[in-house]
Amino acid sequence: MTLIVKKYGGSSLSSVAKLRNIAKTTHDLHHNSNQKIVVVLSAMGSSTDKLVDLSIRAVKDANKRDYDMLLSSGEQVSIAMLSMLINDLGGRAIPLTGWQAGIKTDSSHANARIKSINTKRIKAELRKNNIVVIAGFQGITSEDNISTLGRGGSDTTAVALAAALKADECHIFTDVDGVYTTDPRICSKARRLDLLTYEEMLEMSGLGSKVLQLRSVEFASKYNVPIRVLDAHKNNALGTLITKEEKKMEGAIISGIAFTKDEAEIMIKGVKDQPGVAAKILGPIGTAKIEIDMIVQNVGSNGLADFTFTVSRNTLKNAIKVIENNKKSMGYSSFDTKNNIVKVSLIGVGMRSHAGIASKMFKCLAKNKVNIRMISTSEIKISVVIDQKNLEIAVQALHNEFKLDKK
Ligand code: ASP
Ligand code: MG
């Protein structure tokens, strides 16, 4: 007998009509197969945003415990609604909040981590042949307070439950039909991927494909839970299966192209070209909790060098302040910043066993007159920073060069 965890996101739950459809398909599946089904739900539509707004209107800085009590209420609405609808069809559904489902978290309210799941109640309900409908995004702390897992946290609830229950697959239903080779709005030839590894997905989502909460993919990778991303409005589609690397995946060298627009570059000019300089510059930046991504140091003349790095655009103002305040200790002559840059990354586990990918990428960009400002590489990724105006041409050219439109 198979056990499937099915998770639906807020946009697939934005009306009673949509909930009714989900109730019908879930009930039919349960009725016509001998699958055991656990459903995890987000809050309906944008109701979590509305709850956030409500708390902001009440107080400036809400107590985190109270805030979680408020935010978790959205999911309680959706699980009650879906259970009602399934039961009205003559089906068998039982709604459970996070704590009823045994989901224990740490005490970092608003961004709690799941510590353990006591599956006793869920298993008892499954044995009674019930469809178990569980509130995503929430749990309970060791002090018996309700906690939430951070925005988008229902994905993590679903994967964690799939791991704890040893489910055969975890299906994440959303408003796209899978993970694409790149953003179809930038490249019309973007293609849905049948298969992707956890590592690739982490790079894809870390770099801007916002299909799944990152933590859910880390969780899935750790406990080896196969995730299938599916379109909530299509029946019997295949979606994209995200799983551990297997032999049969060796065919694809490159799986996708990700990009992020929220980059900013800082060039610190005329620093001494001697040991310790990088630490002197990056130390205060790190202390200010500003994350640095790429770093380049150009060896200049007269013992002076330029030191360039990128930060995310929303931290640029802060970084400038830190650099101005630390002029003496950093020992530079001037600095410059640049906002209109983007990072484009080629991702694929096949890079490990294939040489020449980087040079092919750089040649392709050169042929298309795209100037590369910075480069960084890892085992399964090559990233370049380029001017924002070249984003589309770069993504389209690379998509063609690596024939990502063909299986
Ligand atoms: N409802 C929560 C949110 O909007 C959790 C989720 O959707 O996964 O962030
Ligand atoms: Mg989501």
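Whatever order the structure lists ligands and atoms in, that order sets their numbers, starting from 1. We're numbering straight along the sequence, starting at 1. Note: hydrogens, waters and symmetry copies are ignored here, and every other heavy atom, side chains too, is used.
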Tell me whether ligand 1 is touched by [X] - counting only heavy atoms on the residue side and a distance under 4.0 Å.
| X | value |
| --- | --- |
| G9 | no |
| E75 | yes |
| G152 | yes |
| G153 | yes |

*Show your reasoning for whether side-chain hydrogen bond (donor to acceptor under 3.5 Å, both in side chains) applies to K363 and S359.*
CA-CA 6 Å; K363 265 186 211 145; S359 69; 4.7 Å; no
*If you measure every N/O of T48 against every N/O of ligand 1, is any gap under 3.5 Å?*
yes
*When only distance counts, is S42 in polar contact with ligand 1, meaning an N/O pair under 3.5 Å?*
yes
*For the residue pair M44 and S15, what are the closest heavy atoms and their distance?*
CE-C, 4.2 Å
*What is the minimum heavy-atom distance between Q100 and P95, and which atoms define it?*
OE1-O, 4.0 Å
*Please confirm whether K7 makes a cation-pi placement over F173, using NZ or CZ under 6.0 Å from the six-membered ring centre and within 45° of the ring normal.*
no
*asked:* I need the atoms of ligand 1 closer than 4.0 Å to a non-hydrogen atom of R151, numbered in the order shown.
replied: 3 (C), 4 (O), 9 (O)
*What is the distance from atom CD1 of I380 to atom OG1 of T197, rounded to the nearest 0.5 Å?*
5.5 Å
*Charged N to carboxylate O below 4.0 Å: is that the case for E199 and R352?*
yes
